[in-house]
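Let me begin by presenting the structure, written as structure tokens, before commenting on it.
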Amino acid sequence: MKLIDEEGRRLDGRRFDELRKIKIEAGVLHRAEGSCYLEWGGNKVVAAVYGPREAVPRHTQDPVKAVVNARYNMAAFSVDDRKKPGPDRRSREISKVTSEALERVIITDLFPRASIDVNIEILDAEAGTRCAGLTAAAVALADAGIPMRDIPVACAAGKIGAEVVDGEVKGGYVVLDLGKDEDNYGNADLPIAIAPRTDEILLLQMDGHLTYEEFEQALDLAMKGCHIVSKLQREALLNKYRPDLEENL
Amino acid sequence: MKLIDEEGRRLDGRRFDELRKIKIEAGVLHRAEGSCYLEWGGNKVVAAVYGPREAVPRHTQDPVKAVVNARYNMAAFSVDDRKKPGPDRRSREISKVTSEALERVIITDLFPRASIDVNIEILDAEAGTRCAGLTAAAVALADAGIPMRDIPVACAAGKIGAEVVDGEVKGGYVVLDLGKDEDNYGNADLPIAIAPRTDEILLLQMDGHLTYEEFEQALDLAMKGCHIVSKLQREALLNKYRPDLEENL
Amino acid sequence: MKLIDEEGRRLDGRRFDELRKIKIEAGVLHRAEGSCYLEWGGNKVVAAVYGPREAVPRHTQDPVKAVVNARYNMAAFSVDDRKKPGPDRRSREISKVTSEALERVIITDLFPRASIDVNIEILDAEAGTRCAGLTAAAVALADAGIPMRDIPVACAAGKIGAEVVDGEVKGGYVVLDLGKDEDNYGNADLPIAIAPRTDEILLLQMDGHLTYEEFEQALDLAMKGCHIVSKLQREALLNKYRPDLEENL
Amino acid sequence: MSIIPTLKKDYIYKLAKQGKRIDGRGFNEYRPITIEPGIIRKAEGSARVKIGNTQVVAGVKMDVGEPYPDTPDSGVITTSAELIPLASPDFEAGPPQEDAIELARVVDRGIREAEVVKLEELCIEPGEKIWIVFIDIHVIDYDGNLFDCASLASLAALYTAIVPAEKFDLGENYPLPMRGEPPISCTAAKFNNALVFDPLLDEEEVAEARLTVATDAKGDLHAMQKGLSGGFTVDEVKKIIKGAIVNGREIRKKLQESIEKVKQNDT
Amino acid sequence: MSIIPTLKKDYIYKLAKQGKRIDGRGFNEYRPITIEPGIIRKAEGSARVKIGNTQVVAGVKMDVGEPYPDTPDSGVITTSAELIPLASPDFEAGPPQEDAIELARVVDRGIREAEVVKLEELCIEPGEKIWIVFIDIHVIDYDGNLFDCASLASLAALYTAIVPAEKFDLGENYPLPMRGEPPISCTAAKFNNALVFDPLLDEEEVAEARLTVATDAKGDLHAMQKGLSGGFTVDEVKKIIKGAIVNGREIRKKLQESIEKVKQNDT
Amino acid sequence: MSIIPTLKKDYIYKLAKQGKRIDGRGFNEYRPITIEPGIIRKAEGSARVKIGNTQVVAGVKMDVGEPYPDTPDSGVITTSAELIPLASPDFEAGPPQEDAIELARVVDRGIREAEVVKLEELCIEPGEKIWIVFIDIHVIDYDGNLFDCASLASLAALYTAIVPAEKFDLGENYPLPMRGEPPISCTAAKFNNALVFDPLLDEEEVAEARLTVATDAKGDLHAMQKGLSGGFTVDEVKKIIKGAIVNGREIRKKLQESIEKVKQNDT
């Protein structure tokens, strides 16, 4: 499958450094303490935050800080072939790395023995759900008023269009934010999450094949993507709170 | 399958308002605090009660009243095709509605933090096991000396013999206590449980197709069935305690 | 399959009362408090002991003595057809009888509310793993310094070479320590564990077919096997501690 | 029962005596209902339904499988519900608990007993290959009356679902074959002798009993489920059925409008 | 150990020193045994067995399945036991625990090792189709000595079972093919140096060790299982085996009588 | 955090400031590595790897199965890891927890993404029958850096594995088809701004962040995984990659020597 043409135009018409269309809305749920609805290309994600509240069962409590439990979950109908409900190994790994990334920015030592529960539901999936989920979770955390050092944000870069001959890889383009076919037929994927104020890397995974130079390009591109998405996060939060703010003027 | 003939005679020879043969024996087990063996047509059921005793695990305790845990379970060999041991979704739903129905008549606020455990084992199954199970459980509760406002009782009515043409239903008879083929090939089933002194409805489920008028007939018929079975329950309890009573004369 | 020839020579050349080759090494792991590596014919076993430590969850604690938890586990790759990871019914039964046998010799009343956890991993399996596992566990317990009345030891005897004609069994030889084919195609297996100082029988299972006289022979043979293996256990422990002992002279 | 719930209970009871509810509705009145079919691209059929703040997404997926031995010519429906911790601070992760199982089974019976889906048209090869219809109910926001919200979402997803025949090399895709007018589930709760339809979460928490009734366009009954540990009199049951028929008609109209809109957009 | 169990223990020990048991039996004596085969209509074979107050129902169901690759010409037996909370305040719901697993495996070995069922006659099509025999053990009332009660119920169910060939279009139904005289399991418990057969629950609770021995009509051994954390001397083991042979003969007679009665009723 | 861990942390931090580690190694230095392939007779391939006190046994088993619908011509790899309670007082029995799942998935990606196994040669009959390669990782002794130890053991097991064709009547056994030079996983931990490779358990316990990088012989990247709740700067990531390339070369040499030794012994 030819993922990119001679002029650097991708299957869906994007340039190498273009993101898919992203829409973020904060505070969409009644019951949750903070929530976010996010569309990123064909991905549809809802995130909801409960807590800080007493961690249960008791033996999960940390006496000096809050525990951050992110739970990434795919709806059975969110993928091509129906997924059996409940966590599989992939979901559990994503939940783990997402929890670790979010924990870094939350000021957890304010809430000893508490848990902060972050629920991420993928309703519609089309490549890049872990970045979409973490990005939505961060907005939901902010919406819930959880004290954070920064609002984390995630984005991926990758490589497409290389030819592979018996393990040898030739050519290829480093591009931002892989779409569905690019994810399936591409050569490498590098999802990251950062704290945008300091550019500290909170999540980093990679698979596929990148030369060291390509890695540097991809990391740089993903960073830039993160900063663009970060602005959309802040706008979404502002949109929710602006009416309140204006009222108080 | 022709479930009822022109003269209103059903497959097993019963009239529309006739129950299958029922046999109830109270106090049949050594270990349980109260117990009951019940045959209802081809159904064979044992029920046993333990408690009130401290509810475990502790977080299941209710500080102001006892928790009623009914557990409906089918033996692997009780059905045509062997059932995998352990609760399936159907058993768990029946356990829930049975627990709720029994809780209504038990004076639970006498036993805060306690559980009253009601075990219902279906050894042989032939249509109507939820009514048979609840009826046996009620006798076992009385045998265990659990204080109750009334001895609940269950019975079903249903509809058989209608013709269905592309969703349109014509004709049919409202009858009491569906047998096996009537359950499989009939048109509707309406199991209920009541507190016989007040006719309060404790359990009510229905599936199939009934007009509003048929529903009224069926509910009335099921109520009448309940009162007949209620007498058999009381006789069984009396049979067990009569020797003691006579001795004390 | 002919398991034994006219001269009483078995498939692998052993005489009826010969053990397979056994190698025992104590204290092989860094992390465990006591450990043992054991090869017995084609079996390779590691055992590790943790405790006495507070038993968790709390409701498993015994207020007057330590609980002994042996956990027998086969590696997925230890058998001909890959075994699904996790305990199956066979492993759980072996864990139970091993726990019971070890509990008999451990002075458990020294450690109320504690657990002593004995992990037995079968890395390579070739008939007789429960005896190999228990024998290794006993060495690991001694290596961990758990106070014991005796160092238990296990060995099996069995019967091979009989002809079976419609349930009727003719001939056959009682032999020590069944090998793989002897286990699969033999006539009876009798694994036992004893406390070698008193010859008290701590574990005894049997399946197959033995006359009463054959049982007496087999029990006697298995006892003798236990005493031989017991010496190897003691040597292994001595080998580990000898350097220390010599140093202190 | 701690102090806050007791106060809330007293307040709700007091209002009920005056014929009022905490959100100002009449006893038989539903909250605003919105039905949005077709919102999940990966699903064969889908819908988001909101009843007041309660929000459910239902998705339909289809696969090719083997029929049950006793119905060799018939497709199969499987309904699951997850009360995911997103929707309520009281829902827990893990395998479905009793509440989720009851929800799935009640929705399932509402659909199955009225034969809403033409299962006989979902046979591909008798005795060998049939279509399996998976209905998955995802509760997004929980403010009471899950049964009605989940049934409605499931119906909207089914009526707008497309059989993915192309994916399995079985010809062109086509709409899931459905029968005319579906039964609609309506739920009432009882507390302190008041009967209120479409109970809020706050009302459910003080309710003694609950009754769900699925009625069709002619006012016939197709499924009923009593819940909670209180009881009903015969008269109360009849009163609820009558209210369910009336509310059902109105909700059915809304459902049909939302389906029509999707079908028009598609053509 | 709290005060009541300690008192009970002391009492049982004291009696045992005087050669007595709490229910007046001799050390080698069994409680009354009743065997009722054929009580479950839906099962292919079934039996209720009572030993004193202990009560077990075993049921046999059969299905058609694939053979194991290493025994392509042979039927399969699967034995399960559930210690359901009906039978004892100490049994818990949920997946089988160690005790239930041990019970099922010991019963299974008693049946399998003596080749009681003619598995070679349960092959329908070599390498393709065989009969699977499911034995399910339901403990109804628990007053000690489950192993013997469960094995006896399983044997009575097997010896009266009918292969449901008609249900699978495989010709006429016929009796499950069984070999002549089954081994019988007899269990003894040891406490304070006394060895008692058919232990009561009260005796099991103070016992140090337990030994189950399955012997056939000739007095040969087919299965043994030692339990609990105490030990036995060689002499104790031999004494138990001899007692098991004697008791086994008597129980086998009872079993055969109950089977005969069923077979006569059938014809 | 209790007093002992705090003291340990302070000590490790203090040493790190002086450029030292508790066992005297340099920041980029690995502990002694031993690789013993072929130690499990029942496995198709196996290896025990020790990195210092950390010890892992990996085993490869193969079976014949069906391909995934989207890769009909390709074999399948399945990687599992169990953190069995043998290896650490903190590991618990039961189904794999998050840590074991992450370990298995990271090892799996390291092998899969570099296409180390020639999966295309593991097709027996396109669309029908393929070889499944099961990699099972058994952690025996846990003293830090499981990721590197487990990947190395898995690679050594794969490179010495034999396809058991005879067992399945598929011709003669032959070596599992592998590509030339595998990527090697190297892991660094960060604490108090120090970056150390091959962290000890004591170091892992005080670490803020961890990064695993799999690089091939040319220095290209094939898999990365960041762990723990701390962060990295871009420069730190680059520094770790460079260290991983250097260490990877040395470890790859050791791996190849151990494989060669086995292959010579076989011939």
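Every chain is numbered from 1 and lettered A, B, ... according to where its sequence line falls, protein lines coming before strand lines.
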request  = Establish, from distance only, whether the side-chain atoms of D/Asp216 and D/His222 form a donor-acceptor pair under 3.5 Å.
outcome  = yes

key: D/Ile241, part contacting chain B, at a heavy-atom distance under 4.5 Å   = side chain

remark   = Turns out that what part of D/Gln97 lies under 4.5 Å from chain B's heavy atoms comes down to both

key: Most contacts with chain D, counted as non-hydrogen pairs under 4.5 angstrom, among B/Glu213, B/Lys96, B/Arg92   = B/Lys96

inquiry  = Quick one, B/Asn43 with B/Glu126, criterion side chain to side chain donor-acceptor pair (under 3.5 Å). Give me CA distance, side-chain angles, the key distance, then yes/no.
reply    = CA-CA 5 Å; B/Asn43 296 305; B/Glu126 192 201 67; 5.6 Å; no

Contact winner vs chain D - B/Met206, B/Arg90, B/Arg104, heavy-atom pairs under 4.5 Å = B/Met206

inquiry  = Tell me whether B/Tyr185 at atom OH has more than 12 heavy atoms from other residues, nucleotides or ligands lying less than 6.0 Å away.
reply    = no

ask   = With a 4.5 angstrom heavy-atom cut-off, which part of B/Leu219 approaches chain D: side chain, backbone, both or neither?
value = side chain

note = Nearest heavy-atom contact between B/Asp189 and B/Asp183 is OD2-OD1, 3.8 Å

inquiry  = Report which part of B/Phe215 has an atom under 4.5 Å of a heavy atom belonging to chain D: side chain, backbone, both, or neither.
reply    = side chain

message = I'd like to verify something: which residue of D/Glu98, D/Arg105, D/Glu102 has the highest number of heavy-atom pairs under 4.5 Å with chain B?
response = D/Arg105

inquiry  = If I measure from the heavy atoms of chain B, does D/Lys242 come under 4.5 Å with its side chain, its backbone, both, or neither?
reply    = side chain

message = So if I apply the side-chain contact (heavy atoms from CB on, under 4.5 Å) rule between D/Val133 and each of D/Asp63, D/Leu158, D/Thr79, D/Val76, which one comes out positive?
response = D/Leu158

key: chain B interface, residue from D/Val234, D/Asp70, D/Thr233, D/Ile245 that has the most non-hydrogen pairs under 4.5 Å   = D/Val234

request  = Starting from the C-alpha separation in whole Å, work towards a yes-or-no answer on side-chain contact (heavy atoms from CB on, under 4.5 Å) for D/Lys118 and D/Met178.
outcome  = CA-CA 5 Å; D/Lys118 293 183 175 166; D/Met178 301 289 292; 5.9 Å; no

query = Taking D/Phe197 as the fixed residue, which of D/Thr187, D/Ile240, D/Asp148 is the one that meets the side-chain contact (heavy atoms from CB on, under 4.5 Å) rule?
reply = D/Ile240

